[in-house]
Amino acid sequence: MSDFKQRALDYHAFPTPGKIAIEITTEAETSEDLSLAYSPGVAEPCREIADNAENVYKYTGKGNTVAVISNGSAVLGLGNLGPMASKPVMEGKALLFKRFANIDSFDIEVTHETPEEFINTVASIADTFGGINLEDIKAPDCFIIEKALQERCNIPIFHDDQHGTAIVTAAAMLNALDIQDKDIAHVVIVCLGAGAAAIACMELLIQCGAKREKIYMLDTKGIVHSRRTDLNEYKTLFANNTDKRTLDDAIEEADVFVGVSGPNLLSTEQLVKMAERPIVFACSNPDPEIKPELAHSVRNDLIMATGRSDYPNQVNNVLCFPFIFRGALDVRAREINQEMKIAAVHAIRALAKEPVPESVLKASGESALTFSRDYIIPRPMDPRLCNKVAKAVAQAAVDSGVAILPMPDHYND
Ligand SMILES: NC(=O)C1=CN([C@@H]2O[C@H](COP(=O)(O)OP(=O)(O)OC[C@H]3O[C@@H](n4cnc5c(N)ncnc54)[C@H](OP(=O)(O)O)[C@@H]3O)[C@@H](O)[C@H]2O)C=CC1
Ligand SMILES: CC(=O)C(=O)O
Ligand SMILES: [Mg+2]
């Protein structure tokens, strides 16, 4: 077994199995404490909530708790591993919520037969939480599930692999295009993958100025084009009227490659065929569409990003989901709308252009990080992300009329 594999397994096994636990936030030592925490004292907040449902935010943890819910049907790029094998990823998302945004989180893995069963299960428990982060649910089910839950629930429902990924991809892409001196309206984009992440990433890039007709999307059967008869309604939106059929055809002179598909699918031969100053986001986890060392061995004019923490330019939804929920929860937004997503794009993007604090350099093991080809997006452990991104998101929620609470004072500190 490799040393890294053993360390990863040990990290998850010790000191206790898993990565998160629940902690008590009140005194619970004496009979007096217990008489307040449990019987008879607990009856008082029960009565208050029964009288006025809003009091649940005052007397319970609902307002600062997000459920991370999966069925394990698209676990990272590992495929349909099922609910139990997805649990380490979902516990990982809970760890990131707590570590980066002080949001309490439960991971919930659902076994089900049909999307309707999943929807009913999640809708039945939604009121327990302040928000729901759907994770690693394959397309096209994820689109149906998210929409149905948004219609049925009164809290933000956010499919991270769609929107978290799209927000971070757009932020990093706008910065990369600036550095490569390319105009988003003119670039040819190849998107390998036509699932949850791909569809959302391309839709958001279009909102940011990319042209739909300049996007070539590919699935396991090749280019998504207008003469195909096997496309679902989501892929059909990207059906390009083209004679190109393969990745080899599409990659020729392309400016941008976004990989949200699987491991080792872009070859060096294909990379050399891209236009000058290309941008390659090989975002599949854990193994990217092309390894950075391989990409750099054939091109010295590219900007390269992956989804991983062990290379520069980590284009990963960890840069978004803790902070977009922090902002949404802080103003008790009813939903996470487009205005909030766009605000997150610009806040993440802007931070990459600011000087990097010493603590981030130390945690990254770097002596310097400045806005450049190898630093197009902030590092996840940058403590400024929480305040800046959450504040922009909360403000956008207030301005767009979906916030129940006003901007909290602490954002003005
Ligand atoms: N860095 C990040 O933040 C994130 C990265 N990702 C990564 O993106 C990938 C996809 O995730 P997600 O969208 O949630 O999964 P989905 O299951 O929804 O979509 C997977 C898509 O990839 C396509 N695909 C798979 N293998 C190939 C191949 N050999 N050639 C072309 N297309 C292929 C599938 O094609 P078909 O439709 O024909 O089945 C499908 O369209 C994963 O590797 C995941 O780790 C996802 C979210 C965030
Ligand atoms: C990062 C992530 O959410 C994924 O790869 O699925
Ligand atoms: Mg995911």
Side-chain angles (χ1 to χ4, degrees), residues 162-194 197-219 223-226 231 234-244 247 249-261 266 270-283 289 295 299 301-305 313 315 317 319-320 337-353 371-373 375-378 392 396:
Q162 290 182 59
H163 315 298
T165 315
I167 288 162
V168 178
T169 299
M173 188 63 71
L174 293 169
N175 281 351
L177 288 166
D178 274 0
I179 294 169
Q180 297 293 59
D181 195 22
K182 294 196 183 216
D183 182 343
I184 191 163
H186 296 144
V187 290
V188 171
I189 301 174
V190 173
C191 179
L192 191 62
I199 302 271
C201 284
M202 293 305 115
E203 285 295 353
L204 193 55
L205 286 181
I206 289 169
Q207 287 232 348
C208 293
K211 294 284 179 267
R212 197 177 286 273
E213 62 275 15
K214 287 179 179 284
I215 294 174
Y216 296 97
M217 185 176 275
L218 296 98
D219 63 9
I223 298 230
V224 171
H225 64 80
S226 50
L231 301 176
Y234 312 97
K235 291 181 185 178
T236 300
L237 294 171
F238 289 92
N240 196 308
N241 185 13
T242 178
D243 293 330
K244 296 180 199 287
L247 179 56
D249 299 337
I251 206 75
E252 186 99 41
E253 287 300 308
D255 300 283
V256 171
F257 172 89
V258 175
V260 271
S261 49
L266 181 70
Q270 288 164 334
L271 178 54
V272 293
K273 288 202 271 175
M274 289 183 74
E276 59 180 1
R277 293 174 278 108
I279 296 166
V280 174
F281 288 2
C283 293
E289 283 75 5
R299 302 234 20 173
D301 61 345
L302 92 165
I303 288 182
M304 175 80 215
N313 296 335
V315 172
N317 49 36
L319 279 177
C320 175
N337 62 20
Q338 202 59 22
E339 289 87 340
M340 295 158 76
K341 292 174 194 165
I342 297 287
V345 169
H346 292 295
I348 294 168
R349 182 187 176 195
L351 188 56
K353 297 179 178 169
F371 186 62
S372 66
R373 276 188 192 164
Y375 182 68
I376 57 171
I377 190 122

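All values derive from a computational prediction rather than experimental measurement.
A heavy-atom distance below 4.5 Å is found between the side chains of Gln180 and Arg373. Using a 4.5 Å heavy-atom threshold, the side chains of Leu237 and Met202 count as separate. Looking at heavy atoms from C-beta onward, Leu266 lies out of side-chain contact with Leu192 at the 4.5 angstrom threshold. Put simply, the side chain of Val315 does not reach to within 4.5 Å of the side chain of Thr165, judged on heavy atoms. Counting only heavy atoms from C-beta outward, the side chains of Glu252 and Lys244 never approach each other to under 4.5 Å.
The two residues Phe281 and Ala176 have their closest heavy-atom pair at CZ-CB, 4.3 Å. Here the closest heavy-atom approach between residue Met304 and residue Ala295 is recorded as SD-CB, 3.7 Å. Here the shortest heavy-atom pairing between Glu213 and Asn240 reads O-ND2, 3.2 Å. Closest of all the heavy-atom pairs between Arg299 and Pro278 is NH2-CD, 3.5 Å. Scanning all heavy atoms of the two residues, the minimum distance from Ala343 to Ala396 falls at CB-CB, 3.8 Å. Across all non-hydrogen atoms, the minimal contact from Ala170 to Leu204 is CB-CD2, 3.9 Å.
Judged by distance alone, the side chain of Asp301 and the main-chain N or O of Glu276 form no donor-acceptor pair under 3.5 Å. Of the possible donor and acceptor atoms, none in the side chain of Asn241 sits under 3.5 Å from a partner among the backbone N and O of Ser226. For the pair Arg277 (side chain) and Lys182 (backbone), a donor-acceptor distance under 3.5 Å is absent. A donor-acceptor contact shorter than 3.5 Å links the side chain of Glu289 to the backbone of Val260. For the pair Asp219 (side chain) and Ala194 (backbone), a donor-acceptor distance under 3.5 Å is absent.
A salt bridge links Glu203 with Arg212: the distance from a Lys NZ or Arg NE/NH1/NH2 to an Asp or Glu carboxylate oxygen falls below 4.0 Å.
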field: From CA spacing to verdict: side-chain contact (heavy atoms from CB on, under 4.5 Å), Ile377, Asn175
entry: CA-CA 8 Å; Ile377 190 122; Asn175 281 351; 5.7 Å; no
task: Apply the test side-chain contact (heavy atoms from CB on, under 4.5 Å) to residues Asn317 and Ile167: give CA-CA distance (whole Å), side-chain angles for both, the deciding distance (0.1 Å), then the verdict.
output: CA-CA 8 Å; Asn317 49 36; Ile167 288 162; over 6 Å; no
- prompt: Does the side-chain contact (heavy atoms from CB on, under 4.5 Å) test come out yes or no for Gln338 and Gln207, once each step is laid out?
  reply: CA-CA 10 Å; Gln338 202 59 22; Gln207 287 232 348; 3.2 Å; yes
message: Could you walk me through whether Asn337 and Met340 satisfy the side-chain contact (heavy atoms from CB on, under 4.5 Å) test, starting with their C-alpha distance in whole Å, then the side-chain angles of each, then the deciding distance to 0.1 Å, before giving a yes or no?
response: CA-CA 5 Å; Asn337 62 20; Met340 295 158 76; 3.2 Å; yes
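Note that the CZ atom of Arg349 and the CG atom of Asp178 stand 5.0 Å from one another [nearest 0.5 Å]. The OG atom of Ser372 sits 8.0 Å away from atom CD1 of Ile303, with the distance rounded to the nearest 0.5 Å. Atom SG of Cys208 sits about 5.0 Å away from atom CD1 of Ile342, to the nearest 0.5 Å. Here CD1 of Ile251 is found 8.5 Å from CG of Leu218. Values are rounded to the nearest 0.5 Å. Here the CD-CG distance, from Gln270 to Leu247, works out to 4.0 Å after rounding to the nearest 0.5 Å. In this structure, CE on Met173 lies 6.0 Å from CD1 on Ile189, to the nearest 0.5 angstrom.
Considering Val187, Val258, Val256, Ile179 in turn, Val256 is the only one that fulfils the side-chain contact (heavy atoms from CB on, under 4.5 Å) rule with Ile279.
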